[in-house]
Amino acid sequence: MSELTLTIIRLGLLALLWIFVFSVVGVLRGDIYGTRVVTRSSRQSRRAAERPQAAPAPAARNDRGGRSDRGRRSGGGNAPRSLLVTQGSLTGTALPLRESGTVIGRNPESALVLDDDFASGRHARIFVRDGAWYVEDLGSTNGTWLGNDRLTEPTPVQAGSTLRIGKTVIELRR
């Protein structure tokens, strides 16, 4: 074999070796750091903020013309119906609350996916219990703040309350 052929074979094997090393490093990185959080572009965030929110369905009426238990179940007159991000990378994003619970965090499966380095994957949850809305911290590292108080247990909330998760501030709205 000529010297040129041997050099080309050596360079080819060296290239294959480096490809193998980079693929192993990529797999190890994925195992160590877990699922990659997909960040939203500012264009997608603006589109989400501009999207019209669905109007809440009118409460069902019973046979006597009054409101049924469905209207009372979610906390009555000052009950929050939606979240509005007022500070942070998702400022202007609005999200309706679900009676089954709304999870907030960096995890892509959360209802409100935060692009905040100080938020945990599953950071906080807002839910209905005994006809009132509550917020609870889901064991986050940096905590969830309701006004100036750090949450240590499920705490009732009203419309107008503000939650702070890292650098993100969320207001509960009617």
Side-chain angles (χ1 to χ4, degrees), residues 30-40 42 44-62 66-174:
D31 287 346
I32 290 172
Y33 296 110
T35 305
R36 187 174 68 187
V37 176
V38 178
T39 59
R40 297 179 184 177
S42 59
Q44 288 174 330
S45 297
R46 263 188 262 122
R47 262 193 252 140
E50 292 169 359
R51 211 176 303 141
Q53 296 295 320
R61 298 195 174 264
N62 61 22
R67 291 187 181 257
S68 70
D69 287 340
R70 183 175 175 207
R72 282 186 287 247
R73 186 175 47 194
S74 62
N78 201 20
R81 292 190 181 139
S82 65
L83 301 174
L84 177 67
V85 179
T86 57
Q87 289 180 20
S89 61
L90 297 175
T91 299
T93 302
L95 178 75
L97 289 173
R98 295 180 281 183
E99 288 191 15
S100 60
T102 302
V103 176
I104 304 168
R106 290 177 60 179
N107 188 332
E109 295 176 0
S110 297
L112 180 59
V113 181
L114 299 178
D115 185 22
D116 190 330
D117 293 336
F118 297 102
S120 298
R122 290 175 44 88
H123 197 99
R125 178 174 74 118
I126 301 173
F127 62 97
V128 175
R129 181 194 297 162
D130 299 328
W133 285 93
Y134 285 80
V135 63
E136 74 174 326
D137 184 81
L138 298 175
S140 65
T141 304
N142 295 315
T144 302
W145 298 80
L146 179 61
N148 293 326
D149 301 324
R150 185 173 181 158
L151 297 178
T152 56
E153 60 185 23
T155 305
V157 290
Q158 300 292 323
S161 301
T162 58
L163 296 174
R164 186 169 45 89
I165 297 174
K167 296 178 181 177
T168 305
V169 177
I170 303 165
E171 184 177 331
L172 287 94
R173 296 266 174 112
R174 288 203 61 210

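Below, each value reflects all heavy atoms present in this structure, side chains not excepted, and no hydrogens, waters or symmetry copies. For the single chain, residues carry numbers from 1 onward in sequence order. All of these numbers come straight from a predicted model, not from anything done at the bench.
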Without swapping roles, check the side chain of [X] against the backbone of [Y] for a donor-acceptor pair under 3.5 Å.
X	Y	answer
T102	L97	no
S82	P80	no
D115	S89	no

**Report entry** Distance-minimising heavy-atom pair for S140 and R150
**Finding:**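 So the minimum-distance heavy-atom pair works out to O-NH2, 4.4 Å.
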
Query - D116 to F118 - nearest heavy-atom pair and separation - result: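 Closest heavy-atom pair between D116 and F118: OD1-N, 2.9 Å.
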
**Report entry** Pairs involving residues 155-171, ordered by first then second residue, that meet salt bridge (Lys or Arg N to Asp or Glu O under 4.0 Å) (sequence neighbours left out)
**Finding:**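 Counting only pairs at least two positions apart or across chains, the salt bridge (Lys or Arg N to Asp or Glu O under 4.0 Å) contacts touching residues 155-171 are E171-R173.
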
What's the spacing between [X] [atom1] and [Y] [atom2] if we round to 0.5 Å?
X	Y	atom1	atom2	value
L114	S120	CG	OG	10.0 Å
L112	I165	CG	CD1	7.5 Å
R125	S100	CZ	OG	9.5 Å
L163	T86	CG	OG1	10.0 Å
R106	T168	CZ	OG1	10.5 Å
L95	L84	CG	CG	10.5 Å

Query - side-chain contact (heavy atoms from CB on, under 4.5 Å) partners for P154, two or more places apart - result: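 P154: side-chain contact (heavy atoms from CB on, under 4.5 Å) contacts with F127, R129, Y134, E136.
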
Query raised in the report: Which residue, I104, L151, L172, I170, forms the side-chain contact (heavy atoms from CB on, under 4.5 Å) with V135?
Result: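 For V135, the side-chain contact (heavy atoms from CB on, under 4.5 Å) check succeeds only for L151.
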
Query - Results of side chain to side chain donor-acceptor pair (under 3.5 Å) for T144 - residues two or more places apart only - result: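 In terms of side chain to side chain donor-acceptor pair (under 3.5 Å), with neighbours along the sequence ignored, T144 is linked to H123, D137.
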
